[in-house]
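The block underneath contains the structure these notes are about, expressed in structure tokens.
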Amino acid sequence: MNTAIFALFNSFGPEWIIIFLAIILLFGGKKIPELMRGIGKGIREFNTARNSLENEFKQGMKDAEQKEKEQK
């Protein structure tokens with residue numbers, strides 16, 4: 001039992017356990033799924049925007065390389 005608790009503290013760290021407990025106390029058990037859905041939606045939107053920006057950057061680099069080859 002002590003090794004399981006020790007492993008939990010090593011893998012998560014005590015600050016994560018305190019954060020989880022604070023979330024449970026602040027939002028209650030019924031609102032946590034709604035909160036997690038909101039966080040998941042925000043992360044998905046962030047990743048979509050990041051991927052879009054990355055693709056535009058790569059396309060710009062390809063266009064610049066192609067123009068450079070055409071000039072030579």
Side-chain angles (χ1 to χ4, degrees):
M1 174 98 180
N2 288 338
T3 56
I5 293 172
F6 184 70
L8 181 67
F9 275 108
N10 278 340
S11 62
F12 288 112
E15 58 274 354
W16 283 105
I17 294 172
I18 293 170
I19 290 170
F20 289 135
L21 290 174
I23 289 171
I24 290 172
L25 288 174
L26 290 173
F27 295 103
K30 294 182 180 178
K31 294 210 178 202
I32 291 177
E34 182 181 331
L35 176 68
M36 292 298 127
R37 276 191 293 274
I39 291 172
K41 185 178 178 184
I43 290 172
R44 277 191 305 275
E45 290 175 3
F46 174 79
N47 286 334
T48 301
R50 185 192 68 195
N51 288 337
S52 174
L53 184 63
E54 184 176 332
N55 290 337
E56 287 181 31
F57 180 75
K58 286 180 181 179
Q59 187 62 41
M61 292 297 291
K62 286 180 185 178
D63 291 345
E65 288 176 2
Q66 189 174 15
K67 284 181 182 180
E68 187 177 307
K69 287 180 183 179
E70 289 175 359
Q71 288 178 353
K72 287 183 180 181

Can you tell me how far the CG atom of D63 sits from the CD atom of E56, to the nearest 0.5 Å? 11.5 Å
I'd like to know if the side chain of S52 and the backbone of T48 have a donor-acceptor N/O pair within less than 3.5 Å. no
Euclidean distance, F46 CZ relative to N51 CG, rounded to 0.5 Å: 9.5 Å
Could K58 and E54 be called an ion pair, given the rule that one side-chain N must be under 4.0 Å from one carboxylate O? yes
Transitively linked via ILVMFWY side-chain contacts under 4.5 Å: L35 with I43? yes
Out of curiosity, does L25 fall in the hydrophobic cluster containing F27 (side-chain heavy atoms, cut-off under 4.5 Å, transitive links)? no
What's the separation between atom CD1 in I24 and atom CD1 in I19, rounded to the nearest 0.5 Å? 12.5 Å
To the nearest 0.5 Å, atom CD1 of I39 lies from atom NZ of K41 at 13.5 Å
